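Working notes, beginning with the structure itself.
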Amino acid sequence: MKIITSFFLMLAAFGIQAKGLTPVYLRCEYKENPFTDVTSPRLSWELTTAENNHIQTAYQILVAGSMADLSEEKADLWNSGKINSRATAQIEYAGKPLKSRQVCFWKIRSWDKNGVAGEWSTAAHWEMGFLDKKEWKGDWIGLDLDKLGKGKIYHLPPAPYLRKEINIKPGFVKARLYVTALGLYEFSINGKKIGDAFLTPGWTDYDKRVYYQTYDVTDQIKSGANALASQLSYGWYAGYLGYSLLVGNPVVRAFYGKVPLLKAQLEVEYADGKTETFATNDQWKVSQGALLESDLLNGETYDARLERNDWNKTGFDEKGWKKAEVFPDKPERQIQIYPGPPVKVTQTLDILFAMATPDGKIIFGFNQNFAGIVRLHVKGRAGDTIRLRYGEKLYPDGRLMTENLRMARATDTYILNGAPEGETWEPKFTYHGFQYVEVTGLKEKPDKNTMLGLVIGSDTPKTGSFETDNKMVNQLYSNIDWTQRANYVDIPTDCPQRDERVGWTGDAQVYVKSATFNRDVASFFTKWVVDLNDGQYENGAYPLYAPRPNLRKTDTFSPGWMEAGIICPYQIYRTYGDTRMIKQGWGHMVRFMDFLEKRSKGNNVFKEKSFEDIDPKGGYGDWLSFGKKTPPDLLASFYYTYCANLMVEMAGAIGHDADKKRFTDMAAKVRSSVLAHYTDSNGQFKCDSAAYGDGKGYVDGQLGFTGNTQTVYANAIYMNIVNLADREKAGLHLLDLLNKNGNKLATGFLGAKPLLPALSAAGQSDMAYKLFLSKEFPSWGFEVENGSTTIWERWDSFTKEDGFKYNAAMNSFSHYAFGAVCEWMFGNAAGIQVTKPGFSEFNIRPEIAPDGMGIDGISWLKSSYHSMNGDIVSEWGKSGEKLLMKVGIPVNTVANIYVPGNDAEKILVNGRKLTTDRNLKMKGKEEGYIIIEAGSGRYNFQVEGYKK
Ligand code: BGC
């Protein structure tokens, strides 16, 4: 005791306090205080401390069934004891087996590098959902209104309303609502909507699984009579999907079922421990109401004259309401807790203007293209009908451009009930991609309160920031993030406006890494990768889109798309250190690799025409590229090598040694076969273009094929198809191709993503910057110059000069695929590069923009990324012949900071000479950088005599 006291006195004398580490942001399955049905949920936390250079050396977790028991002595579910480890994430609960409904309170403490234990964190909790399908007492109930759909093109029946009055005894202490639907639901208790999620319970392959939500409704119920009520809609289950109508598919709606169904149960617990369950059954009453049409793609029609305000409250006269029909369950269908982030209204937007068109309509404009709905506030007479049409663009004469919606009707109609004080309405079960709303039928002059934009999307926490002194770049970054928000809506869609909005796998795989920088997408992909696995074909190929309704007979799989099943889990592993997704999907992933192996017919390479049996032939290839096409089989072969390599790393991560060996051999064999088949004696890429004949049946096949494209070299470098030793040479060849093309890119979806990273990796950073900062067609800057607020499907979807010069039907103004340049912005321009999965180790290796570009260049850049361990900061700025760099490294991480320069003597850190700093370790030099290893803290570097 004496020794300890004097130790503390000594510390105090030196002004050092052993503060230790403070754990914050406690999460379970990537969420704060969630409901989960994962039987060994994973826990994570972040650490803070006032001192620099800190890591965790050990942790202890306590889990108890009640707050009162959350102490070392009493923790009845789990006391991990002191575990010597640096891990702060992906820690699996390893206590007593958990039961359905169990509430688990938890807290954690960490030991710092000196072995000093910090304070316990504040407590967090999670609660278990149902661990057995048998816990479900609720039936699937609904009302078949299908025959009431009467439109010519669109068969849109009214939405069912369901209700039940129950009696709750006094003395209840807790209430939980478990609810799901085949279709979409909104649930209310005593007239109030439960939760703030939108489009619940989300899209899955409903034949295999459906998700449910759990809500704590203790505060929503009262003793005595309570009204449980729900409105259903057709949604992804029973509504229109994708382009099926456009392409004349025999099925255009009701892909999973015709009648939307509800399944719910309210469980009430009383002080004496007794419980009572109120579940959906044939005693519920069903009817229809004011919501006359309700469809995701096509919009809603609401006749407020039919509205019964009290339909979801107690004491309602149920006269005319029918008994609910009970529908059978599919025994094989799993019912699980929604694992993703809920879709929500994440922001509201005021209107920017309202203007009249010559034909008597009013156009409302926002300053941003987004996905969502509007809240309408109007006054008028009963029966006045207001029609809202949504569009992303206006014609020069002010009319709304709707051609690019194709068969998505995207129209909401509101019929007023004439309330003298005015009426407010917003759709419930649809959303649109738009910046402008065309309104007809308004009887009053609009003002700023007539309409409010409600931005909807999966509620993925913001993690990235990116800002420079270049306005174009800042707008581009804003466009990227907005496009991600508009398309990460339960699944990663391709676009939010037209009759598509499906989870195209090619788009998802090229963009996933970019997505991780902008937003925390861990739980979003936890959900979607299940959809991908559920959509895997018998033969092992991952589908074109997931979930996978049959939108068109010929839709199957395609190289560049089907690899999403490998690439997405890999990226989630790299970013979040998540190995569970790998373990759970391993069987699927191996099956996919088997598929590739089998298809390559013992050649270990896909020779020309290997995919001519699919439609389009060869698949979608480098979709939207310019000039001669990159052979899809060559790309498929690159992806084959790349996937084999990712499998090697993932097999290692989960300790599957035999698989690791198998894929190591496979990767080596495939790589050498690919090089043997697709390169000439000078090591340049080639293909047998004659094999494709006139190219008929291939996407843009009439343009001919060549192995000598930007896309080939960009991918060859990015995917390590060329040796490290040959990388520079490949880079020079890529540079040459760009030069010959007037320094312009010619890449499509599959080439644009690796283009800049490949240039940077091959020592051509200045060229990467040139493309990045260009404002000429085709480029990112060109879109910005032409007024974009989101990323477009085509570089010139709209130009100020020529307007909509392309086929308007294939012109989405919110398509994130080309936004994949974001990966280079964070990974190269800001230089934030993960080196150990989960960002426990990383590089800060910024590439400084070239000098001499004036206002078209970048002279400072500020970027941050909130990793699993906290904020990583990378900023740089040029000031005369000085380069300033600010770096932030979160607690419990180690970074290699690459400071541009050759002479360590000319570098100051936090005002002192780097060479005299004892906390920072110089690790050497590399390609114009001095490499410094640093622990957590904030570092300001100043490089004297810097010139680019
Ligand atoms: C989608 C794409 C998708 C493509 C397949 C399009 O209609 O919008 O983004 O990847 O089809 O080439």
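Read the numbers this way: they start at 1 and go in the same order the structure lists the ligands and their atoms. Along the sequence shown, residues carry numbers from 1. This one's a predicted model, so the numbers in the text were calculated from it and none came from an experiment.
A salt bridge links E500 with R406; the closest basic N to acidic carboxylate O contact falls under 4.0 Å. Salt bridge status for E793 with R498: present, with a side-chain N to carboxylate O gap under 4.0 Å. Look at D555 and R548 and you find no salt bridge, because none of the NZ, NE, NH1 or NH2 atoms lies under 4.0 Å from a carboxylate O.
Side-chain contact of N249 with S244: a donor-acceptor pair under 3.5 Å is absent, judged by distance alone. Judged purely by distance below 3.5 Å, without hydrogens or angles, the side chains of N479 and S788 pair a donor atom with an acceptor atom. Side-chain N/O atoms of T505 and Q509 include no donor and acceptor closer than 3.5 Å.
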Run through all N or O atoms in ligand 1 and write down each protein N or O closer than 3.5 Å, as a pair with its distance.
residue, atom, partner, partner atom, Å
ligand 1, 7 (O), R498, NH2, 3.4
ligand 1, 7 (O), E500, OE1, 3.2
ligand 1, 7 (O), E500, OE2, 2.4
ligand 1, 8 (O), D494, OD2, 2.7
ligand 1, 8 (O), R498, NH2, 2.7
ligand 1, 8 (O), E500, OE2, 3.4
ligand 1, 8 (O), H815, NE2, 3.1
ligand 1, 9 (O), D507, OD1, 3.4
ligand 1, 9 (O), D507, OD2, 2.4
ligand 1, 9 (O), H815, NE2, 2.9
ligand 1, 10 (O), D507, OD1, 2.5
ligand 1, 10 (O), W561, NE1, 3.1

